[in-house]
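Note that the structure is predicted; figures quoted are calculated from it, not measured. As a basis for the values below, the full set of heavy atoms in this structure was taken, side chains included, without hydrogen atoms, waters or symmetry mates.
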Protein chains: 2
Amino acid sequence: VKLAHVQALDQADPLASRRQAFNLPEGVIYLDGNSLGALPVAAQARARQVVDLQWGQGLIQSWNSHDWINLPVQLGEKIARLLGAASGQTLCCDSTSINLFKLLHSALHMQQGRSVVLTQSDNFPADLYIAEGLENNIGVAGCQLQRVAAEAIPQHLTREVAVLLLTHVNFKSGAMHDMEQLTRLAHAQGILVIWDLAHSAGAMPLALDRCEVDFAVGCGYKYLNGGPGAPAFLYAATRHHGALQHPLQGWMGHKAPFDFAASYEPAAGIRQFLCGTPSIIAMSILDAALDVFADVEMDVLRGKSEALMELFLELKDANPVLQELQLASPRASQYRGSHLAFTHPDAYAICQALIARQVICDFRAPDILRLGFAPLYISYRNVWDSSVILGEVMASKVYKAEAYAQRAQVT
Amino acid sequence: VKLAHVQALDQADPLASRRQAFNLPEGVIYLDGNSLGALPVAAQARARQVVDLQWGQGLIQSWNSHDWINLPVQLGEKIARLLGAASGQTLCCDSTSINLFKLLHSALHMQQGRSVVLTQSDNFPADLYIAEGLENNIGVAGCQLQRVAAEAIPQHLTREVAVLLLTHVNFKSGAMHDMEQLTRLAHAQGILVIWDLAHSAGAMPLALDRCEVDFAVGCGYKYLNGGPGAPAFLYAATRHHGALQHPLQGWMGHKAPFDFAASYEPAAGIRQFLCGTPSIIAMSILDAALDVFADVEMDVLRGKSEALMELFLELKDANPVLQELQLASPRASQYRGSHLAFTHPDAYAICQALIARQVICDFRAPDILRLGFAPLYISYRNVWDSSVILGEVMASKVYKAEAYAQRAQVT
């Protein structure tokens, strides 16, 4: 691969102009959008608007005049387009963990007589913790968490299983499940399926309705670029809306919150998953961030994501000093999300050395270097430059000296 | 009362200069800070800083470089000072409803063998809904909600009661409970007490430690001025930290979140109540808003709050046209929070007429006009002016014509 080829790729990239929609620091190559998305220019403007004008000048009246009250539902509809979900099934609220709690409780409630929650041993720990929380504390239905290896999932889909709980794209390896096939296999055994889309939403086309997914949760601050700790989302298929039940009965999920009725009655439809008063500021910022996707075709986005990673892998394969890094992600791009994982005994030090050279990536214990390729703002040239810098770091082994210096400084 | 006297009160007011710390719209008299606090200038600046610089420029590294990771605990400590709470017992996170769920679950878990949650019939409905949610869905312990009138609470404090759940200042009437006495009476029967401080925190001195309160929750967007849907807070007395249990086991509450361990182990102390990733933007804004309290003595603040309400009531008593409005709050200021409630058959129309004349207040069904007196930014002159405008509205009965016109417009 020659630099001229890389430059040609950028020139032909239909998403190249999207980078202008983000305010990225000069000189930084940001390969961590899978952990915290970059700042959209529109989100910056919207932050000023919601704070200075809507809150500062509009005060309490903005609940109506700026329709704050419907923001969680409106945002849900915006996200729905990225999920392949028809209207009325997606809501923006709370955190991914809280949303998973609501859905898992509801799913277990619907599956009385079954109590196993089947999941993957290396599922994102936060999802496991929420399931463990229910394991010890649920009333009506039981809850027993069963953890198996990814490849053993199909054989464990039996009629004892109430819920299959999986993260679509693994947070470490980037390995991606076949959502359609696993959902179908689970349904054949009467199992409800919950997908965590934290590393999927905004990085690829999704088709929740077509795959007949039951429930899903996801995160607003990764590929959706909603800012640190942005509100999360949840999806519940319309066919289940009559059977839902969870104990986080908040007033915003009441059918008539401002009647201040003495007893809880859930709102109809997806709104019943609202709980307390949502952060309007955080939600407004996410709302503006989502507009970056307005005219983006998700197939094109996915195509670029795959091409960026393919380029990186080609450049790596061509450079002898990079052979020490072992690919921990699937080699074929259709089996992974939008980041690459490499193992190396010195992964932590290598990651620090890259960051010191303005290539921002991250480390996951014990030995994983994680490089994310957010296709809205990463260019092919960024990929080239990062592989050059990684090559220099590996060839010089400068990371060893820097790690030594850092340890010396600490002690 | 003469205007000159009112002007003298403003001149002698040690908190008068605090108004400059807020960005209030010109000409508006904002008597709804009990619903949504006004915008502090510092919060506005902090919003720019956290969005433009910390997120936009610092990106993922701000979790460490700007110590986002400890923000919920640091904010908890700032709020603790307003609650009369020693260090290590207060945390900023999630919404009031979610926090109440965590605490009520923990309290019921600690009280095995007892299942009654005693509360007040006209407690804030959101709190009742959360308790109802647990009523049907709790595992280990039972949960039965018992609702009684405020005056009947003491006689219902029996050894069947597990938890006494009360809001300190009633959201409608403004009536305030004697926290110290009720907590003592409850403890004498082995009952744990949870106070909702939504209408108390930031409006008066509180003494959770001295009153030996077990648990408390509260809201960031009323008198704490944290912005619409600001993060909430919770308090759990240190003596209970070893016995807590709730199912919202989020990764941020894990003892070592970035170890990504396969099983949940709660952090020590108050941090165990963290759940998902907190909204750093919303929390940063609240952090700056709390600095307005930095050198405010809460006794002085409370003194001004009482004096503002007393002035309003004197002006009301002196004006014959205002006699139609019935005070629904306790007359003696030691028995109420920082807002006044009045009943009138046309309360809704009167409220709308006041808002049209830039006196922002609110209405609570069926017939309550609510006027809040946030002592950090309401002046004695504001009180005088609002009573004059209310007098004009009532004397002219202009609200009737306006309500008629509005109905005509809608239909």
Side-chain angles (χ1 to χ4, degrees), chain A residues 23 25 30 32 35-36 38-39 44 47 51-52 55-57 59-60 68 95-98 101 105 121 125-126 128-130 132-134 136-140 221 227-232 247-251 254 259-264 275-282 285 360 362 364-365, chain B residues 23 25 30 32 35-36 38-39 44 47 51-52 55-57 59-60 68 95-98 101 105 121 125-126 128-130 132-134 136-140 221 227-232 247-251 254 259-264 275-282 285 360 362 364-365:
Chain A
N23 213 330
Y30 191 57
D32 212 5
S35 194
L36 174 64
L39 168 63
Q44 207 169 0
V51 171
D52 301 359
W55 171 20
Q57 300 295 304
L59 292 159
I60 190 70
W68 287 350
S95 63
T96 310
S97 293
I98 300 279
F101 177 85
H105 192 289
S121 309
L128 300 175
Y129 303 161
I130 288 291
E132 285 181 331
L134 277 166
N136 300 318
N137 295 293
I138 195 170
V140 220
Y221 55 79
L248 296 178
Q249 301 181 168
W251 73 308
H254 194 280
D259 283 2
F260 296 103
S263 279
Y264 184 75
C275 185
T277 310
S279 172
I280 295 302
I281 297 175
I285 290 170
I360 314 297
D362 68 24
R364 285 292 174 262
Chain B
N23 213 331
Y30 191 56
D32 211 5
S35 194
L36 174 64
L39 169 64
Q44 208 169 0
V51 171
D52 300 0
W55 171 20
Q57 300 294 303
L59 291 160
I60 190 71
W68 288 349
S95 63
T96 310
S97 293
I98 300 279
F101 177 85
H105 192 289
S121 310
L128 300 176
Y129 303 162
I130 288 291
E132 286 181 331
L134 277 165
N136 300 318
N137 295 294
I138 196 170
V140 220
Y221 54 79
L248 295 178
Q249 300 181 168
W251 74 308
H254 194 281
D259 284 0
F260 296 103
S263 279
Y264 184 75
C275 186
T277 310
S279 173
I280 295 302
I281 297 175
I285 290 170
I360 314 297
D362 66 24
R364 285 292 174 263

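- Taking the side-chain contact (heavy atoms from CB on, under 4.5 Å) definition, one finds that Ser121(A) meets it with Arg147(A), sequence neighbours left out.
- The shortest heavy-atom contact between Pro25(A) and Gln57(B) is CB-OE1, 3.3 Å.
- Heavy-atom distances place no part of Ala232(A) under 4.5 Å from chain B, backbone and side chain included.
- Counting heavy-atom pairs under 4.5 Å between each of Cys275(B), Gly250(B), Ala261(B), Ser35(B) and chain A puts Ala261(B) at the top.
- Contacts between Ala47(A) and chain B at a heavy-atom distance below 4.5 Å involve the side chain alone, from C-beta outward.
- Here the shortest heavy-atom pairing between Tyr129(A) and Phe260(B) reads OH-C, 4.0 Å.
- With a 4.5 Å cut-off on non-hydrogen atoms, Leu248(A) touches chain B through its backbone and its side chain both.
- Counting heavy atoms from C-beta on, the side chains of Ser263(A) and Leu128(B) never come closer than 4.5 Å.
- Of the listed residues Ser279(B), Ala126(B), Ala282(B), Ser97(B), the one with more heavy-atom pairs under 4.5 angstrom with chain A than any other is Ser279(B).
- Ranked by heavy-atom pairs under 4.5 Å with chain B, the first of Trp55(A), Tyr221(A), Trp251(A) is Trp55(A).
- Within the 4.5 angstrom heavy-atom criterion, atoms from both the backbone and the side chain of Ile60(A) approach chain B.
- Among Pro125(B), Ser95(B), Gly276(B), the residue making the largest number of heavy-atom pairs under 4.5 Å with chain A is Pro125(B).
- Across Leu39(A) and Asp52(B), no two heavy atoms sit closer than the pair CD2-CA, 4.1 Å.
- Between Ile98(A) and Phe101(B), every side-chain heavy-atom pair lies at or beyond the 4.5 Å cut-off.
- With contacts defined as side-chain heavy-atom distances shorter than 4.5 Å, the pair Trp68(A)/Leu36(B) qualifies.
- Looking at Leu59(A) and Asp32(B), their side chains never come closer than 4.5 Å, going by heavy atoms from C-beta outward.
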